[in-house]
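No experiment lies behind these values; they were computed from the predicted model shown. Ligands are counted one by one from 1 in listed order, and the atoms in each one are counted from 1 as well.
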Amino acid sequence: MSRPLTHIQRLATALGLGLTLSLTGPAAYAQRSALREVRTTGSAGAIWAVSLLFGWTLIGWGIALVWALVMFFMMPYWHIYGKQNLSSEAYRTTPEMYTQKVQAMVDKYTIRTETARNMPVVRPPAGADVYMLGRLWEWYPALELEKDQTYRLHLSSVDWQHGFSLQPENINVQVIPGYEMVMKITPNKSGEFSVICNEYCGIGHHQMIGKIYVK
Ligand code: CUA
């Protein structure tokens, strides 16, 4: 089952090959002239250093470069075809401003609390702006959304970088203090979804689990 390459794939391949070749050529040339120079004037140590720099490590650099380029071009690819990285808007904010917005929603629409932490479960009206906040070490609050309704989901952190990873859907968003990310979501399956943190953020990282209920 082979499919013709897309424009992006063709472009990525051409760029990757082009860059690798254009870097390997000059490096191979530089190796020869540098070695000649070092052999006539330099010490054994210098020869060893030049050989190391331009010799086998070059292959390692080449592989690393190609891999880096593959990953670089996979980002737009995953965005378009993988539906993992949602299209989002980003705004500047502060931890105080963002906390206020989240708390306003929590005060207005909390329907119950759960777990030992008394985590509020918030059910905003269909189509509303909904907020989730990442902090050491929780996603606050839990959300309850209606199936097939579209919401604007806002995300930010009030301390440092966290990763919003919606499971089992595998939607991933970086959550960074100072920035408010907004994305449109339309939950199309009902059930209980977990938000795990996939950016290591300290001793309680593994306990940073949030909830989104879809009914
Ligand atoms: Cu938050 Cu890891």
Asker: When you draw lines from atom 2 (Cu) of ligand 1 to SG of Cys197 and to ND1 of His205, what angle lies between them, to the nearest 10°?
Answerer: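 Taking atom 2 (Cu) of ligand 1 as the apex, the two atoms subtend 120°.
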
Asker: Does a salt bridge link Asp159 with Arg135, judged by any charged N lying under 4.0 Å from a carboxylate O?
Answerer: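 Salt bridge between Asp159 and Arg135, a charged N being under 4.0 Å from a carboxylate O: no.
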
Asker: Show the nearest heavy-atom pair for residues Thr113 and Pro120, with the distance to one decimal.
Answerer: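 Result for this residue pair: CG2-CA, 4.0 Å.
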
Asker: How long is the span from the CG atom in Leu145 to the OG atom in Ser190, to the nearest 0.5 Å?
Answerer: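 The distance works out to 12.0 Å.
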
Asker: What's the separation between atom CD in Glu114 and atom NZ in Lys211, rounded to the nearest 0.5 Å?
Answerer: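 That separation rounds to 8.0 Å.
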
Asker: Using a distance threshold of 2.8 Å, state whether an N, O or S atom of Met208 lies below it from atom 1 (Cu) of ligand 1.
Answerer: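 Checking atom 1 (Cu) of ligand 1 against Met208, an N, O or S atom does fall under 2.8 Å.
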
Asker: Just how far is it from atom CZ of Arg123 to atom NZ of Lys215, taken to the nearest 0.5 Å?
Answerer: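 Arg123 atom CZ to Lys215 atom NZ measures 7.5 Å (nearest 0.5 Å).
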
Asker: Backbone or side chain, does His206 get an N/O/S atom under 2.8 Å to atom 2 (Cu) of ligand 1?
Answerer: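 Given the 2.8 Å cut-off, His206 does not count as a ligand of atom 2 (Cu) of ligand 1.
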
Asker: If I consider every N, O or S atom in Glu199, which one ends up closest to atom 2 (Cu) of ligand 1? I only need its name.
Answerer: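 In Glu199, the heteroatom (N, O or S) nearest atom 2 (Cu) of ligand 1 is O.
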
Asker: So which of the N, O or S atoms of His162 lies nearest atom 1 (Cu) of ligand 1?
Answerer: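 Nearest to atom 1 (Cu) of ligand 1 within His162's N, O and S set: ND1.
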
